[in-house]
Amino acid sequence: MLNRSLSRKYAVAGIGNTRYGKLPDYDAYDLGVWALQEALDDAGLAVGDIDGLIVNRIADYQRFGEIIGLNPRYVTITPGQGRFSGHCIETAVAVLEAGLAETVALVYGNNGRSGGDRYGGASDLYGSGGAGMWFPYGMTSPGAFHALMAQRHMSLYGTTSDQMGLVAKTFRDHAALNPAAVMRETYTLEDYHRSRFIVEPLHLLDYCLINDGGVAMIITSAERARDMKAAPVHIAGFGMATELAGSTFPPDDFWYGAGAKVARDTYEMSGVSPPEMDGLMIYDNFTPTVLFCLEAFGYCPIGESGPWVEEGRLALGGTSPANTSGGHLSESYMQGWALNIEAVRQLRGQCDERQIESARHVQYMTLAPMVTSIIYGSEAV
Amino acid sequence: MSGYSKPLPRLDDANAPFWKAAKAHELKLQKCADCSTLRFPATRHCASCGSAKSGWETVSGRGTIASWCRFHQVYFEGFAEDVPYTVIVVALEEGPRLFSNLIDPPEGEIEIGIPVVVYFDDVTPDVTLVKFKPAS
């Protein structure tokens with residue numbers, strides 16, 4: 001049972017990010033430092049004020065500490081999988097609660113675009129222990145894994161390409177309002193259908209955008225955060241669960257089992273639930289994940305996400321505006337991190353044209369073999 | 001070699017019995033010697049009971065399609081002439097799953113849950129891939 005008294009005890013005190021896109025002059029360390037400097041400036045802190053460091057996707061924590069000249073009391077490093085953004089944020093809270101650190105910096109740097117990262121083909125490491133076993137059948141890539149899940153969802157529940165296309169188009173519409181987004185040109189559902197298939201049923205526009213960039217967050221106690229430069233955004237609730245057993249293959253249950261556990265814990269701790277959520281940040285590696293997530297987290301009944309999104313609910317002005325930055329599909333694939341700082345910006349009221357009016361609660365969700373969710377709240381109680 | 005240019009299985013100590021069986025047109029899965037749970041891909045320990053004792057057992061070769069997708073993107077040069085090609089997830093009658101290809105897939109939609117049977121595809125003199133075709 002998660003400790004419910006942790007609700008709103010810790011807060012995001014600073015956020016920062018680099019530009020996103022093609023940044024060939026920067027490696028992952030450089031991007032991490034850039035983002036960290038922005039986050040420290042946002043919080044009104046200096047590097048020396050940090051005593052906990054969590055690095056993600058950057059290759060080596062030791063070298064990162066050397067580059068920024070910091071000897072944090074607590075340090076850890078996590079693999080470059082997007083599901084780890086939520087994981088790192090939850091770990092920061094656990095580290096703070098344990099007294100291992102008082103102010104934790106979370107730093108993500110990704111030079112995947114300039115570094116030529118490929119998620120399918122000979123270098124594919126997706127899945128459980130790598131995908132090489134199945135190359136003889138032409139099976140490769142996280143995209144294909146999600147295409148298999150999407151096809152199953154379509155067969156079981158009648159979900160349509162139009163519904164997935166609408167998710168992609170909605171997030172692109174949001175990106176058009178976000179100067180930081182990499183892809184801002186809007187398109188129609190017809191354009192979506194004309195975009196080539198990568199792995200059918202998924203089109204190019206169902207896929208996220210591999211780019212270079214960095215994101216950083218500073219997390220500390222809500223009490224400390226109140227004395228810092230930026231308005232604190234509270235961590236109101238969170239949860240984690242996994243489906244690792246049998247995870248070489250797409251799960252028949254679309255990860256709903258783990259998702260339901262995380263939903264329960266996150267809603268219980270935060271004291272808020274879907275009807276009270278002002279905005280959603282959904283890990284949109286591929287459009288079908290958005291649909292599965294809405295079902296797993298109780299926004300709509302199992303199997304009904306397609307018709308549910310067709311009501312325009314995910315758009316700004318809808319009942320559940322989602323990925324207001326454009327998300328991974330149109331802002332940039334920053335593996336969950338940019339969605340988390342978008343949640344913070346929404347609750348601070350810093351989103352200009354894409355601002356959700358009087359936003360008080362925003363939920364971040366990742367659905368994968370490791371499921372996480374974080375509910376952020378603008379208020380201290 | 002007959003100019004076969006697609007990726008070939010990488011044999012190791014753990015999975016070699018699977019590919020040797022395939023060459024002999026048999027579908028074998030790893031079986032826990034203690035709790036009898038079947039498993040694949042091969043691992044040293046049984047995920048059900050933790051036992052390190054195992055053998056290999058011939059299974060029926062019958063299963064159903066759990067899902068399918070169709071590759072249009074060329075990720076391996078050897079598949080350039082094959083796109084769009086179909087990849088399926090087969091749920092074997094005995095429980096374990098395999099990614100594979102469907103021989104002679106229909107043009108349009110493939111129905112999830114349809115029965116399939118194993119088809120041994122001798123792609124080179126040394127290598128046989130475990131594929132499936134609709135059960136008639």
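Reminder, nothing fancy here: chain letters follow the sequence lines and each chain counts from 1. Because the structure is predicted, anything quoted here is derived from the model rather than measured.
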For a quick test of reading the model, state the closest non-hydrogen atom pair linking [X] to [Y] and the distance between them.
X        : Y        : value
B/Cys69  : A/Ala147 : CB-CB, 4.0 Å
A/Leu148 : B/Ser67  : O-OG, 2.5 Å
B/Pro41  : A/Phe249 : CD-CE1, 4.4 Å

* Asked: What are the residues of residues 157-166 of chain A, in order of number, with any heavy atom under 4.5 angstrom from a heavy atom of chain B?
  ->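 So far as heavy atoms go, nothing in residues 157-166 of chain A approaches chain B to under 4.5 Å.
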Taking everything shown except [X] itself, do over 12 heavy atoms lie less than 6.0 Å from its [atom1]?
X        : atom1 : result
B/Asp104 : CG    : no
A/Lys22  : NZ    : yes
A/Glu311 : CD    : yes
B/Glu111 : CD    : no

If you define the side chain from C-beta out and look only at heavy atoms, does anything of [X] sit under 4.5 Å from [Y]?
X        : Y        : value
B/Trp68  : A/Arg152 : no
B/Phe99  : A/Thr248 : yes
A/Ser141 : B/Tyr75  : yes

* To do: Counting only heavy atoms closer than 4.5 Å, note whether A/Ala144 contacts chain B via side chain, backbone, both or neither.
  =>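 Both parts, heavy atoms under 4.5 Å.
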* Asked: Which of the residues B/Lys131, B/Arg97, B/Lys6 is involved in the greatest number of heavy-atom pairs with chain A at under 4.5 angstrom?
  ->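 Sorted descending by pairs with chain A, the first entry is B/Arg97.
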* Just give me the residue among B/Ala47, B/Ala66, B/Gly113, B/Gly78 that pairs up with chain A most often, heavy atom to heavy atom, under 4.5 Å. =>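 Going by pairs under 4.5 Å, I would pick B/Ala66.
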* Asked: So what's closer than 4.5 Å to chain A heavy atoms on B/Ile65: side chain, backbone, both or neither?
  ->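 Neither part; nothing is under 4.5 Å.
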To the nearest 0.5 angstrom, please state how far the [atom1] atom of [X] sits from the [atom2] atom of [Y].
X        : Y        : atom1 : atom2 : value
B/Glu109 : A/Met154 : CD    : CE    : 7.0 Å
B/Arg70  : A/Ile198 : CZ    : CD1   : 15.5 Å
A/Gln151 : B/Ile88  : CD    : CD1   : 13.0 Å

* Aromatic rings A/Trp134 and B/Phe40: how do their planes relate, parallel, tilted or perpendicular, breaks at 30° and 60°? ->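 Correct class here is perpendicular.
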* **Options A/Gly120, A/Pro201, A/Ala150, ranked by heavy-atom pairs under 4.5 Å with chain B, top entry** =>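 Top option by heavy-atom pairs under 4.5 Å: A/Gly120.
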* Pick whichever of A/Met139, A/Arg118, A/Arg196 has the most heavy-atom pairs under 4.5 Å with chain B. =>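 Max contact count across the listed options: A/Met139.
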* Please check if the side chain of B/Tyr85 supplies one atom and the backbone of A/Gly138 the other of a donor-acceptor pair under 3.5 Å. =>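 The answer is yes, because a donor-acceptor pair under 3.5 Å joins these two groups.
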* Could you tell me whether the side chain of A/Tyr137 and the main chain of B/Val130 form a donor-acceptor pair under 3.5 Å? =>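 Judged by distance alone, yes, a pair lies under 3.5 Å.
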